[in-house]
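Note that the structure is a prediction, hence the values are computed from the model and not measured. Below, read A as the first sequence line, B as the second, and so on, with proteins coming before strands; counting in each chain starts at 1.
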Amino acid sequence: MTTKIENVSRRNFLKNSAIGAGSLVLATGLPGFNLAMAAFPSPIEGAGVLNLFVAIEADNRVRIVCHRSEMGQGIRTGIPQVLADELDVDWSMVDVVQGFANPGYGSQNTDGSRSIRRFFTTMRQMGASARMMLEQAAAEKWGVPVDQVRGKQGYVHHVSSDRKLSYGELASAAAKLTPPQTDSLVLKPASEFTLIGKGLAPVDIDDMLDGSAVYGQDVQLEGMLYASIERCPVVGQKVKSHDKAGAMKVNGVRDVMVMPEQPDAPAFHPLNGVAVLADNTWSALQGRKALKVEWSDSLHQQHDSANYMSTLVERVGQPGKVIRTRGDVKGAFDGADAVVKATYQVPYLVHAQMEPPAATAVVSEKHCEIWACTQTPQSTQQNVAQALGLQPEQVKVNVTLLGGGFGRKSKPDFSVEAALLARHTGKPVKVVWSREDDIQHGYYHAASAQRFEAAVNKDGSVVGWLQRTAFPSISWTFTGTVDEPQDGELSLGFGDVPFAVNAMQCESQKAEGHVRIGWMRSVSNIQHAFAQGAFVDEMAAATGKTPHAMWHALLGEDRIVDPTAEGFGYGNYGDPADVYPIDIARMKRVLDEVVKQSGADKSTGDNEGWGISVHRSFVSYVAVACKVRVEQGKVSVLELHSAIDCGTVVNPDRVRSQQEGSMLFGLSIALMGEISLEGGKVKQSNYHDYPVTRYHQSPMIKTYIIASDAPPGGVGEPGTPPVAASVVNAIYHASGRRIRTLPVNKTLSV
Amino acid sequence: MISFTLNGKKQQVDADPAMPLLWALRDLLGLTGTKFGCGIAQCGACTVHLDGQAVRSCALPVSAISGKAITTIEGLNSDLGEALKAAWKAHNVPQCGYCQAGQLMNASAMLANNPNPSDAQIDANMQGNICRCGTYPRIKAALHDVIAQQPAEG
Ligand code: FES
Ligand code: FES
């Protein structure tokens with residue numbers, strides 16, 4: 001990415017000529033930066049705004065913008081940490097400022113485990129640029145050449161005298177300078193990093209522990225109404241009629257509004273429904289209970305997830321669309337001594353992040369302001385603008401803390417709801433989703449079936465490999481018509497299978513959409529890594545190898561794997577293959593490390609067993625070892641170990657916490673996650689019937705980080721995919737029982 | 001009008017007696033540190049103290065608190081509360097942080113009642129508080145630190 005850094009405060013002096021002239025802070029071809037929505041109003045009294053991301057006040061407080069959303073991954077610490085290192089300030093000087101939605105920052109879509117890997121270099125450049133401007137300002141003040149001054153820990157020093165000036169003293173002069181050209185920026189060598197690589201505490205930790213942190217659910221505005229919405233039980237239903245009399249009688253209820261009817265493809269639109277607006281959340285919820293709504297028919301009201309799964313299982317038993325092929329697959333299977341086959345199933349899943357969605361809106365004729373726990377502020381801005389008939393620049397989006405996201409809050413539907421209701425009432429409105437709303441009206445992780453077959457010879461060699469997958473596509477959500485997995489989804493752990501088998505084929509099968517399908521932490525890697533990792537263990541048993549040896553045999557020689565050479569439109573998480581190749585040596589390193597550290601190759605007590613799995617996702621590599629005990633039909637997970645190679649690490653403590661969290665997320669999927677539908681309606685409604693891992697089910701967890709100076713990879717998601725396979729493999733080694741259908745609690749109690 | 005003690009101070013609230021304390025705290029009194037996670041006493045996010053005992057405020061009608069003492073996360077400043085917060089900080093426990101008020105309120109009531117709980121007692125006590133981010137290993141470590149600082153029994 002080429003980055004051109006521009007000085008916001010200086011541009012403000014140029015007034016009209018600069019704004020909209022296409023000269024961007026991040027020259028990435030995105031629309032221009034909107035000064036009215038800069039996190040730093042420019043100029044700030046007594047302060048120097050050095051670029052979009054840094055302002056320094058006279059008292060030496062350094063304000064750094066985090067333009068990505070904080071949902072527990074620690075990005076409000078990580079992004080400023082990188083910038084502050086190159087700026088060369090003490091961490092105690094830094095205040096973090098949350099950026100509004102503004103395309104000038106570049107992408108703010110906090111998903112795909114990409115905040116650090118896409119902005120690591122940019123943040124370093126922003127820090128270095130600001131430091132060089134401060135150095136230049138000092139050099140000019142002292143009348144010395146700029147190469148005789150050096151910015152360090154909040155001061156610019158003159159190297160040959162003991163003169164020094166604080167950044168705060170220099171900031172307003174520096175802010176008037178032209179930022180250096182990007183190619184003249186001098187970045188630190190890694191050996192001089194002072195903050196990158198440190199496990200700094202999350203910047204919001206005090207607020208999180210004393211109750212003062214503000215999440216989407218916590219926003220309160222003067223004169224605000226609280227809204228609760230009765231949404232169509234089946235996707236595609238419309239409000240046929242409604243009776244609001246009962247609701248209006250509830251104490252505190254002010255209004256009832258039928259939500260504007262939405263197009264058939266769900267996309268990011270609110271679901272059809274009826275909203276109750278009240279003086280407080282409780283009244284809104286009570287009023288909603290007293291509503292009577294009749295719904296129209298929907299194409300999806302026959303949808304039954306059990307029947308649907310049978311159809312998917314049937315389809316993956318039939319030849320599908322070939323997406324990648326190598327060698328003579330038919331010949332390999334025909335000529336082999338034996339064929340090992342297995343079919344795997346993963347149900348629909350939902351995010352169930354701790355904070356149900358919530359958004360607050362104020363709307364006037366030409367302006368809208370939103371406060372939301374959103375992972376995608378710019379998409380919120382665009383969708384709200386569209387719904388209100390405004391321009392995006394007329395919509396200001398404030399990003400609160402997120403009480404978890406996991407992909408659910410990438411969808412701006414709840415902000416659009418708030419905006420529509422605020423316009424209708426002329427008052428500020430907060431839309432509060434209940435837990436039932438969240439579980440029953442989600443953007444679900446796709447249900448899936450997968451078929452794996454391997455041709456094996458008597459000597460234990462694997463000569464043929466076939467894998468087939470079927471699941472409804474996220475693209476269905478946006479089109480209402482797409483009826484098969486897309487390359488983007490097949491790129492997530494399926495078409496990028498890294499195995500060294502001479503004859504290999506990957507196929508996909510059709511699957512129609514009936515519910516809103518969305519991204520959930522690690523997306524299609526969930527089902528792909530489950531099936532693949534479980535099947536490798538089955539192959540080990542079939543060929544008499546240890547699972548560790550089987551992985552090595554399948555991974556083969558150290559090499560770079562290029563799925564595009566075999567016909568697959570591989571996405572590589574949007575990253576270039578030369579910078580982020582599929583590197584077999586790195587897969588083997590995490591695998592070997594986790595086996596060594598955990599002792600997964602050692603013997604266990606009675607009824608205990610180890611399971612392992614390894615997976616590359618979001619251009620990082622994670623291997624997991626899981627130890628379980630199975631007794632009297634009950635499985636207890638005793639230990640979960642992971643080794644991660646995510647390249648350069650910015651904050652090792654947050655890498656560890658993300659590994660812990662993403663593994664426990666994977667454990668919930670493995671043991672107990674299931675959304676099922678009958679008559680097109682979701683059967684589950686709250687944590688009692690959509691259970692997630694609880695305290696007593698949380699095993700001992702260990703994380704091993706592989707030291708690496710490779711470019712940074714993803715961290716938030718890669719820990720999830722290998723877990724489910726490691727769990728069912730461990731159950732097999734503890735009990736001899738193969739579980740191929742998730743969740744485990746269909747078979748064993750947990 | 002219901003009168004009670006809130007974080008050590010006299011408080012009155014004019015609410016439908018059936019309204020759960022959670023919404024009275026959040027919407028009527030502006031104390032948003034107590035979180036909404038499930039509304040049916042399943043997740044623990046809304047945990048507060050009622051006369052020192054941990055209760056789920058989403059399932060407690062305000063009519064039940066008349067004359068009682070309520071402590072919320074905003075008022076958790078006993079020595080034990082501070083010790084717990086310090087241990088939470090030492091282990092960088094929070095991820096998103098949304099469940100942590102409930103975790104702290106639950107843990108502080110547990111330890112106030114029994115400074116040296118067994119692992120089985122901790123499991124039984126803490127399993128009502130969901131953390132979807134998966135901070136349990138760190139909660140466990142932080143709790144054990146605080147328990148180790150408690151004076152031994154007897
Ligand atoms: S909100 Fe009260 S227990 Fe979940
Ligand atoms: S820290 Fe996010 S739910 Fe516990």
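Heavy atoms closer than 4.5 Å to chain B are found nowhere in A:Arg76, neither backbone nor side chain. With a 4.5 angstrom heavy-atom cutoff, A:Asp206 touches chain B only via side-chain atoms. Both the backbone and the side chain of A:Gln217 have a heavy atom closer than 4.5 Å to some heavy atom of chain B. In this structure, the portions of A:Asp218 lying under 4.5 Å from any heavy atom of chain B include both its backbone and its side chain. Within the 4.5 angstrom heavy-atom criterion, only side-chain atoms of A:Leu285, from C-beta onward, approach chain B. Only the side chain of A:Glu436 comes within less than 4.5 Å of a heavy atom of chain B; its backbone N, CA, C and O stay farther away. Residue A:Leu402 touches chain B through its backbone alone, counting heavy-atom pairs closer than 4.5 Å. Using a 4.5 Å cut-off between heavy atoms, B:Asn92 touches chain A through backbone and side chain atoms alike. Both the backbone and the side chain of A:Ala201 come within less than 4.5 Å of a heavy atom in chain B. At a 4.5 Å heavy-atom cutoff, the contact between A:Val432 and chain B is made by side-chain atoms alone. Contacts between B:Lys85 and chain A at a heavy-atom distance below 4.5 Å involve backbone atoms as well as side-chain atoms. Heavy atoms closer than 4.5 Å to chain A are found nowhere in B:Leu76, neither backbone nor side chain. At a 4.5 Å heavy-atom cutoff, the contact between A:Met354 and chain B is made by backbone and side-chain atoms alike. For B:Leu84, no part lies under 4.5 angstrom from a heavy atom of chain A.
B:His49 and B:Ser108 share a donor-acceptor pair across their side chains, judged by distance under 3.5 Å alone. A donor and an acceptor atom, one from each side chain of A:Arg288 and A:Ser228, are located under 3.5 Å apart. Side-chain atoms of A:Ser668 and A:Thr693 include a donor-acceptor pair closer than 3.5 Å. When only modelled atom types and interatomic distance are considered, A:Asn251 and A:Gln286 share no side-chain donor-acceptor pair under 3.5 Å. In this structure, a donor-acceptor pair under 3.5 Å is present between the side chains of B:Ser3 and B:Gln12.
Within the 4.5 Å cutoff, the side chain of A:Ile705 has heavy atoms near those of the A:Pro652 side chain.
Taking the charged nitrogens against the carboxylate oxygens, A:Asp438 and A:Arg435 do have a contact shorter than 4.0 Å, which makes a salt bridge. Between B:Arg138 and A:Glu660, at least one side-chain N (NZ, or NE/NH1/NH2) sits under 4.0 Å from a carboxylate O, which counts as a salt bridge. At a threshold of 4.0 Å, the pair A:Lys409-A:Asp111 does not count as salt-bridged, since none of the basic side-chain nitrogens sits closer than that to a carboxylate oxygen.
A:Arg408 places no side-chain N or O within donor-acceptor distance of the main-chain N or O of A:Gln353, the cut-off being under 3.5 Å. For A:Ser283 (side chain) and A:Asp279 (main-chain N/O), no donor-acceptor pair under 3.5 Å exists by modelled atom type.
The cationic group of B:Lys35 does not satisfy the cation-pi geometry with A:Tyr215, failing either the under 6.0 Å distance to the six-membered ring centre or the 45° limit from the ring axis. The cationic group of A:Arg521 lies under 6.0 Å from the six-membered ring centre of A:Phe665 and within 45° of the ring axis, placing it in a cation-pi geometry.
Ranking A:Gly252, A:Gly404, A:Ser434, A:Ala352 against chain B, the residue ahead of the rest is A:Ala352, based on heavy-atom pairs under 4.5 Å. The choice from B:Gly33, B:Ala24, B:Gly134 that makes the most heavy-atom pairs within less than 4.5 Å of chain A is B:Gly134. For the set B:Gln103, B:Gln100, B:Glu74, B:Met126, the entry with the most heavy-atom pairs within less than 4.5 Å of chain A is B:Met126. Between chain B and the options A:Met224, A:Glu70, A:Gln73, A:Glu355, the largest number of non-hydrogen pairs under 4.5 Å is found for A:Glu355. When each of A:Leu401, A:Ile701, A:Asp653 is scored by its heavy-atom pairs under 4.5 Å with chain B, the top score falls to A:Asp653. Ranked by heavy-atom pairs under 4.5 Å with chain A, the first of B:Pro20, B:Cys43, B:Gly39, B:Ala15 is B:Pro20. Of the listed residues A:Asn280, A:Thr281, A:Asp207, A:Ile439, the one with more heavy-atom pairs under 4.5 angstrom with chain B than any other is A:Thr281. Contacts with chain B were tallied for A:Arg654, A:Gln697, A:Met700; A:Arg654 has the most, counting heavy-atom pairs under 4.5 Å. Of the listed residues (B:Cys99, B:Ala18, B:Gly37), the greatest number of heavy-atom pairs within a distance under 4.5 Å of chain A belongs to B:Gly37. With respect to chain A, the highest number of heavy-atom pairs below 4.5 Å among B:Ile122, B:Leu28, B:Leu31, B:Asn129 belongs to B:Ile122. The candidate from A:Gly199, A:Pro699, A:Ser657, A:Gly405 with the greatest count of non-hydrogen atom pairs under 4.5 Å with chain B is A:Ser657. Interface check for chain A: of the options B:Gly30, B:Cys38, B:Gly128, B:Gly75, the most heavy-atom pairs under 4.5 Å are formed by B:Cys38.
Among B:Ile147, B:Asn125, B:Leu143, the one residue that satisfies the side chain to side chain contact (heavy atoms under 4.5 Å, CB included) test with B:Pro117 is B:Ile147. Put simply, the residue from B:Leu6, B:Asn7, B:Leu25 that forms a side chain to side chain contact (heavy atoms under 4.5 Å, CB included) with B:Val48 is B:Leu25.
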